[in-house]
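Structure first, commentary second.
Just so you know, these numbers use all the heavy atoms, side chains as well, and skip hydrogens, waters and symmetry mates.
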Amino acid sequence: MKLVTLRLDEPPTVAAAGIGIHGVSTDHEVFRLPGLWQLHLYNYEGTLSLGQSVHPIRPGHVSLVPPDTEVHFHYRGRSEHFYVHLRLNEAGTPRSVPVMQDAGAESTRLADLLRYAVAAMPSSPPRATAEVWAALWRVAELPRNDGAGRQHPLVATAQAYIEVHLAGPLAVPDVADAVGISHTHLTRLFRAETGHTVVSYIRHRRLQRARHLLLVSTLSITAIAAAVGIADLQAFNKACRRELGASPRDIRGSGSTPPGESPYGQRGSLTEASTGR
């Protein structure tokens with residue numbers, strides 16, 4: 001077993017969380033948890049085996065073992081790891097995740113989340129659940145090199161930067177500088193990943209956020225335009241008509257989300273009118 005399938009649209013149920021100490025009295029242990037997933041973040045070297053699948057354990061590695069799976073741990077002396085035993089909901093989008101991954105630089109953040117979960121578990125299980133859920137999302141989104149269709153990490157970084165800075169001035173060179181690559185390289189990567197330009201993606205996200213605010217808030221149209229980085233009201237009206245197919249006032253009056261919307265940032269998610277190609 002090299003991959004497992006997670007569904008993370010709903011929070012997990014955390015049964016236990018703690019720090020396990022192993023390898024003191026024996027160098028080999030066998031675990032099987034009926035009905036419970038095992039999440040481990042390691043601080044030692046050893047080996048994890050599931051059937052014929054053998055996974056090296058290294059400091060900073062993280063593993064996810066599904067319920068009712070017999071797993072063998074081989075230790076090399078005293079071995080310490082964070083563990084969480086949990087149940088996952090069966091509803092939601094399936095995500096294929098490796099059983100064992102090197103968390104790399106993300107291991108520090110994962111350790112913080114799991115440390116908070118362990119500390120919160122006795123007095124505030126909901127807080128522990130929130131920390132574990134966040135950790136699971138980070139594990140599911142660790143970069144992979146197996147060609148499994150993961151988003152390019154530089155494009156993901158660019159999109160995150162764009163999302164945070166939508167309300168202010170936002171030019172392609174700003175995004176490229178934040179990512180640490182050239183304007184040309186970012187443009188090439190973005191088009192290869194999404195099929196669209198950086199400029200059209202920024203415009204699309206600004207107008208999607210504007211539509212949300214028009215439908216769910218009582219902010220004035222002028223305030224909404226400023227909140228999405230389009231200070232000129234006339235330009236905002238034109239952008240809404242072009243991208244969303246209606247004026248801001250008409251969108252607010254409709255009270256519903258137009259049908260047929262695709263996930264943001266996915267290939268083909270922008271309308272032809274918004275691509276700027």
Side-chain angles (χ1 to χ4, degrees), residues 1-9 11-90 92-118 121 128-129 131-150 153:
M1 179 187 299
K2 294 187 177 181
L3 296 172
V4 293
T5 299
L6 307 181
R7 288 175 169 83
L8 300 177
D9 293 2
T13 300
V14 179
I19 297 176
I21 307 296
H22 303 274
V24 177
S25 58
T26 179
D27 63 358
H28 176 219
E29 291 179 328
V30 181
F31 290 86
R32 186 174 68 85
L33 299 184
L36 293 174
W37 285 79
Q38 300 179 55
L39 168 64
H40 289 160
L41 178 63
Y42 300 98
N43 193 31
Y44 59 86
E45 294 191 0
T47 304
L48 178 149
S49 301
L50 299 86
Q52 300 299 312
S53 181
V54 179
H55 305 273
I57 294 172
R58 300 288 184 270
H61 281 204
V62 60
S63 69
L64 277 164
V65 176
D68 303 298
T69 302
E70 184 175 288
V71 55
H72 293 249
F73 288 92
H74 297 271
Y75 309 109
R76 303 175 187 174
R78 187 180 188 278
S79 302
E80 179 178 312
H81 60 232
F82 285 102
Y83 72 86
V84 181
H85 300 161
L86 61 131
R87 294 181 180 86
L88 291 176
N89 289 283
E90 297 184 0
T93 304
R95 301 173 186 276
S96 181
V97 179
V99 168
M100 181 73 74
Q101 297 186 81
D102 182 357
E106 191 71 7
S107 63
T108 300
R109 180 57 177 155
L110 285 173
D112 288 341
L113 290 169
L114 296 182
R115 188 177 295 110
Y116 296 147
V118 171
M121 192 64 191
T129 293
E131 303 292 356
V132 170
W133 196 12
L136 287 170
W137 273 106
R138 287 180 176 270
V139 171
E141 294 177 347
L142 287 172
R144 286 164 56 183
N145 299 314
D146 58 2
R150 293 271 175 137

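Annotation: side chain of V71 is not in contact with side chain of R32 (no heavy-atom distance under 4.5 Å). Side-chain atoms of V118 and E131, non-hydrogen and from C-beta on, never get closer than 4.5 Å to each other. Side-chain contact between V99 and S53 is absent, with no heavy-atom pair separated by less than 4.5 Å. Put simply, the side chain of V84 does not reach to within 4.5 Å of the side chain of L136, judged on heavy atoms. H81 has its side chain within reach of H22: a pair of non-hydrogen atoms, C-beta onward, lies under 4.5 Å apart.
A side chain to side chain contact (heavy atoms under 4.5 Å, CB included) with P94 is found for exactly one of L6, D9, T5, L8, namely T5. When each of Q38, E70, M100 is checked for a side chain to side chain contact (heavy atoms under 4.5 Å, CB included) with V65, only Q38 meets the rule.
Applying the ring pair (Phe, Tyr, Trp, His ring centres under 6.0 Å) criterion to H61, with sequence neighbours excluded, gives no partner residue.
We find the CD1-CZ distance between I21 and R78 to be 4.0 Å, quoted to the nearest 0.5 Å. In this structure, CG on L110 lies 6.5 Å from CG on L142, to the nearest 0.5 angstrom. Note that OH of Y83 is 12.0 Å distant from CG of L39, once rounded to the nearest 0.5 Å. Taken from CD1 in I57 to OH in Y44, the straight-line distance is 4.0 Å, to the nearest 0.5 Å. Taking CG of D27 as the start and OH of Y75 as the end, the distance is 10.0 Å to the nearest 0.5 Å. Taking CD1 of I19 as the reference point, atom CG of L41 lies at 10.0 Å (rounded to 0.5 Å).
When all heavy atoms of P12 and V132 are compared, the pair lying nearest together is CG-CG1, 4.2 Å. A128 and M121 make their closest contact through CB-SD, 3.7 Å (heavy atoms, listed as atom of the first residue, atom of the second, distance). Minimum interatomic distance between A15 and L36 (heavy atoms only, all atoms of both residues): CB-CD2, 4.0 Å. Scanning all heavy atoms of the two residues, the minimum distance from S96 to L3 falls at OG-CD1, 3.5 Å. Across N89 and P11, no two heavy atoms sit closer than the pair ND2-O, 2.8 Å. The two residues S79 and G77 have their closest heavy-atom pair at OG-O, 2.9 Å.
Between the E45 side chain and the R76 main chain, no donor and acceptor come within less than 3.5 Å of each other. Although no hydrogens or angles enter the test, the distance criterion places a donor-acceptor pair under 3.5 Å between the side chain of R7 and the main chain of E90. Here the side chain of S25 pairs no donor or acceptor atom with the backbone of G23 at under 3.5 angstrom. Side chain of T69 to backbone of P67: a donor-acceptor contact under 3.5 angstrom is found.
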### Query
Going through the distances and angles, do F82 and R115 end up as a side-chain contact (heavy atoms from CB on, under 4.5 Å)?
CA-CA 8 Å; F82 285 102; R115 188 177 295 110; 4.0 Å; yes
### Task
Go through the steps to decide whether D102 and R58 satisfy the test side-chain contact (heavy atoms from CB on, under 4.5 Å), and finish with yes or no.
CA-CA 8 Å; D102 182 357; R58 300 288 184 270; over 6 Å; no
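If you check the side chains of Y42 and H40, you find a donor sitting under 3.5 Å from an acceptor.
Summarising the local packing, OH of Y116 is surrounded by 12 or fewer heavy atoms from other residues, nucleotides or ligands at distances under 6.0 Å.
Ring geometry for H72 against H28 counts as parallel: the plane angle stays under 30°, on a 0 to 90° scale with 60° as the upper cut.
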